[in-house]
Structures are given as C-alpha cells and as structure tokens.
**Student:** 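The structure is given below, and queries will be raised subsequently.
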Amino acid sequence: QVRLVESGGGSVQAGGSLRLSCAVSGDASSRYSMAWFRQAPGKEREGVAAGSGLTATTTYAETVKGRFTISKDNAKNTLYLQMNSLKPEDAAMYYCAATRGWPGSSVLTARAYNYWGQGTQVTVSS
C-alpha cells in the first residue's frame, strides 16, 4: 500500500509561484512512477507532470511545459511540483498519484494510477 498526502496549495496572483509537496509513505519504492494531476470544476482530471522512479525520465503536459517542474527527494520520501509563471487557467485541485512501473504512453492518464492523495487546492487570481 502507498499513502500520499499533498500540501502546499494556496492562493497566488498570476505570474506567481507555488511549490506543492506530496509526502509518500508505504511501499513506495523506486519501482513506482509518480505524477501530478489537476482537476478544475466541471473538467476532467488532467495529467500535469510525471516522473519515473527508476530513471530520470519526466513528462509534462504541453500546457505546463517550461513552467512546472516535477522532482522527488528520496531521502525525504517527498514528491514536489514547482509551479512558476502561474496563470488563472492553472487553478484547480492538484493531486499526487503513484503506480508501479512506468505507464508508458498512459503516463499522464489518470486510469494508469492506483494510488491517489486527497488533493490540495490552487487558486490563481488575475
């Protein structure tokens, strides 16, 4: 079992930055891939960024590429999402997710992930 707890959400003005954290506990070894998803009201859950537990491979949605960075501190068992140059359209509930192995082409697809956190809210004002 893997337990994920997000934190770091909040309100920020457009152009600002936030760093989300996801505390990982349980059997979350390097065999797991980790990802960040977001969901705005009335919209489907969208994959934002993902990283392989075994390699340095990372993948980003086109909408956040160059602005968001996913990283993991293995010593602290914590996954991060650094979000810069935030836009109003980035506002959503952000979720941390994990799955064993690398999902390949489904890496930013919600159904590929077995474990989810409870989410942390990000609000961006214009």
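Start at 1 with the first residue, then count along the sequence.
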**Student:** Scan the side chains in residues 118-126 for donor-acceptor partners under 3.5 Å anywhere in the protein, sequence neighbours excluded, and list what turns up.
**Tutor:**
residue: Gln118; atom: NE2; partner: Glu6; partner atom: O; Å: 3.3
residue: Thr120; atom: OG1; partner: Gly9; partner atom: N; Å: 3.0
residue: Gln121; atom: NE2; partner: Ala92; partner atom: O; Å: 3.3

**Student:** Please name the pair of heavy atoms, one in Leu20 and one in Trp36, separated by the smallest distance, quoted to 0.1 Å.
**Tutor:** CB-CH2, 3.7 Å

**Student:** Quick one: does Tyr80's side chain have a donor or acceptor within less than 3.5 Å of a partner on Thr69's backbone?
**Tutor:**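 No.
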
**Student:** On a heavy-atom basis, which atom in Val107 and which in Ala50 lie closest, and how many Å separate them?
**Tutor:** CG2-CB, 3.4 Å

**Student:** Transitively linked via ILVMFWY side-chain contacts under 4.5 Å: Phe68 with Ile70?
**Tutor:** yes

**Student:** Is any side-chain heavy atom of Thr78 less than 4.5 Å from a side-chain heavy atom of Val24?
**Tutor:** no

**Student:** What are the two closest non-hydrogen atoms of Trp102 and Ser33, and how far apart are they?
**Tutor:** CE3-OG, 3.2 Å

**Student:** Give a yes or no on whether the backbone of Ala112 and the side-chain of Thr99 come within a donor-acceptor separation of less than 3.5 Å.
**Tutor:** yes

**Student:** Answer yes or no: is there a donor N or O on one side and an acceptor on the other, between the side chain of Thr58 and the main chain of Gly51, under 3.5 Å?
**Tutor:** no

**Student:** What are the two closest non-hydrogen atoms of Ala98 and Tyr32, and how far apart are they?
**Tutor:** CB-CD2, 4.4 Å

**Student:** Is the shortest heavy-atom distance from the side chain of Arg38 to the side chain of Thr63 under 4.5 Å?
**Tutor:**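 A side-chain contact exists here, since the closest heavy-atom pair is under 4.5 Å.
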
**Student:** Where is the tightest heavy-atom contact between Val48 and Val64, given as atom of each residue plus distance?
**Tutor:**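 Minimum heavy-atom contact is O-CG2, 3.5 Å.
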
**Student:** Check Tyr115, Tyr94, Tyr113 against Phe37 for a ring pair (Phe, Tyr, Trp, His ring centres under 6.0 Å) and give me the one that passes.
**Tutor:**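 Checked Tyr115, Tyr94, Tyr113 against Phe37; only one passes ring pair (Phe, Tyr, Trp, His ring centres under 6.0 Å): Tyr113.
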
**Student:** Show the nearest heavy-atom pair for residues Leu86 and Leu18, with the distance to one decimal.
**Tutor:**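 For Leu86 versus Leu18, the nearest heavy atoms are CD1-N, 3.9 Å.
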
**Student:** Under the side-chain contact (heavy atoms from CB on, under 4.5 Å) rule, what do Met83 and Val12 come out as? Steps first, then yes or no, please.
**Tutor:** CA-CA 11 Å; Met83 306 186 294; Val12 65; over 6 Å; no

**Student:** Heavy-atom count around Glu89 CD within 6.0 Å, excluding the residue itself: above 12?
**Tutor:**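 Buried by this count: over 12 neighbours within 6.0 Å.
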
